[in-house]
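Worksheet: the structure to be examined is printed underneath.
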There are 2 protein chains.
Amino acid sequence: MNESRKYKTKKQVSEPTLKRLPGYLYFLEQQKEEGVLNISAPTIGKKLSCDPTQVVKDLSVTGIKGKPRVGYNTYELIHALEEFLGFNRINEAFLVGAGNLGSALMAYQEHQELGLKIIAAFDTDEVKIGKSVGGIHILDYNKLFTLSGRLNVKIGILTTPNNVAQDVAEDMVNCGVRAIWNFTSANLDLPEDVIVQTTSMSSYAAVLLRRLNDSDK
Amino acid sequence: MNESRKYKTKKQVSEPTLKRLPGYLYFLEQQKEEGVLNISAPTIGKKLSCDPTQVVKDLSVTGIKGKPRVGYNTYELIHALEEFLGFNRINEAFLVGAGNLGSALMAYQEHQELGLKIIAAFDTDEVKIGKSVGGIHILDYNKLFTLSGRLNVKIGILTTPNNVAQDVAEDMVNCGVRAIWNFTSANLDLPEDVIVQTTSMSSYAAVLLRRLNDSDK
DNA sequence: TCAAATTAAAGAAAAAATTCTTTAATAACT
DNA sequence: AGTTATTAAAGAATTTTTTCTTTAATTTGA
């Protein structure tokens, strides 16, 4: 499948595991605030209502070892998780499409905790161009190519209307973007080695609405 | 596990399948626009780069049958998917926390395609109370209880700061909410029968950043 | 110092999801 | 009308993920 995988030395961590890691991190940071120095997998599992052995397996990807009868060192584990996830680095990103969702992501403070820094936003709407949201300037989309040459940005956040998503995604790739966080409903057709992470609101809505419907008989 | 399941007659559709369904729906609507009356699973699979037999399995949940050598009737399938997902009904929701993300969701047009209608937003910030975003009024959080008595709203959208998420979620449940779309990082501890769908930005960021890191050596 | 209890780690088993294979149907072409 | 190619459907096999079980380590308390 993914051709880029075959040169990997260590096995890729599974997506379910990766998605759970920020949850552990958030909880551990809470615990650290409360002065908890050590924490065991069963304690984490109980609080997050998941299987303790799964907690152990998930956390093992960081390389941190826990001590029997003591658990993990909170600080050490937090640090290792941040390191593993790349949250303690600065990961620069472009955002294209400064509409409602795009603006919200620009203003969203918590991205900084993820080490994600949107350094510029682009749009074609002249009303938006020149303005700033959350301290991030909205630039003319035409400047994407000239700007990207200097900046070496690897991450693109795609919050355009669906009908232009494919074109913009291709432009991003041509500008050196290697990973796209796709908030549109478009099914992006891009080179194999481009990482596409789609966050589809409608997928979540689908699960929610269906489960709700299931539940009332 | 989920006690509410044991009274189910037909088996619950798996979450991976549910999450894929809106993708099919979006694609089918595009095809319909272009005048495509029938479409085969292999065609869908090719375009959405997924396994054709998986397409067949996924679509079978709607009860629609395809014809050999012809495929599915586009219109019929769209209708069945909308019906199955509840996108053609009006699903009323409360939103609590009219910050950046909350406001974006209020203004987000595409929710209407999901049949999701935010009928009121609540916040404790007096600066926000009384204003409107996307035609939705922001009300005093204290009015949640009095208002919910009349309205019988089943869905709650949670976009508060993390530290109040648990309390607000409990309030929602006490107001009759049966399903919560959780955008916070909090690990909500709620009664078994409450449906919680967490859309964690950090989970997506984790996968994206890690895969990007994996890919460069 | 020596049990006892708790825990992480590693591997086995189970469950879930995806992919593969076979079969039967049917529309298009000869 | 008969043949061929394409397709959906159903079930088998594979893969992935989660849960269970066992083992070994180690701190605590007697």
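These numbers were taken from a predicted model, which means no experiment stands behind them. So you know, we letter chains A, B, ... as the sequences are listed, proteins then strands, and number each from 1.
Between A:F94 and A:S148 the shortest heavy-atom distance is CE1-CB, 3.8 Å. Minimum heavy-atom separation, A:F84 to A:L18: CE2-CD2, 3.7 Å. For the pair B:T159 and B:G102, the tightest heavy-atom approach, listed with the atom from each and the gap, is OG1-CA, 3.5 Å.
For B:Y75, the OH atom counts as loosely surrounded, since its 6.0 Å shell holds 12 or fewer non-hydrogen atoms of other residues, nucleotides or ligands.
Going from atom CG of B:L77 over to atom P of D:dA8 covers 11 Å, rounded to whole Å. The CZ-C1' distance, from B:R20 to C:dA16, rounds to 12 Å in whole Å. With rounding to whole Å, B:I44 atom CD1 is found 12 Å from D:dT7 atom C1'. One can place CD of A:Q12 at 11 Å from P of D:dT16, the figure rounded to the nearest angstrom. We find that OH of B:Y72 is positioned 17 Å from P of C:dA25, with the value rounded to whole Å.
Checked by atom type and distance alone, the side chain of B:N187 never pairs as donor or acceptor with a backbone atom of A:L48 at under 3.5 Å.
The side-chain contact (heavy atoms from CB on, under 4.5 Å) test with B:E92 singles out one residue from B:I119, B:N152, B:I155, B:L116, and that residue is B:I119.
Overall, the helix from C:dT1-D:dA30 to C:dT30-D:dA1 carries an axis bend of 10° between its ends, with five pairs at each end and the value rounded to 10°.
With a 6.0 Å cutoff to the six-membered ring centre and a 45° limit on the axis angle, A:K67 does not count as a cation-pi contact of A:Y72.
Taking for each of A:P42 and B:Q54 the nucleotide of DNA chain C with the nearest heavy atom, the 5'-most of the two is the partner of A:P42.
Between B:Q166 and B:D189, the side chains place no donor N or O within less than 3.5 Å of an acceptor N or O (distance only, hydrogens not considered).
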**OP:** Could you encode protein contacts along nucleotides 20-30 of chain D as a string, one character per nucleotide from 5' to 3', using B for base contact, S for sugar-phosphate-only contact and - for no contact, with a heavy-atom cut-off of under 4.0 Å?
**Re:** BB---BBBS--
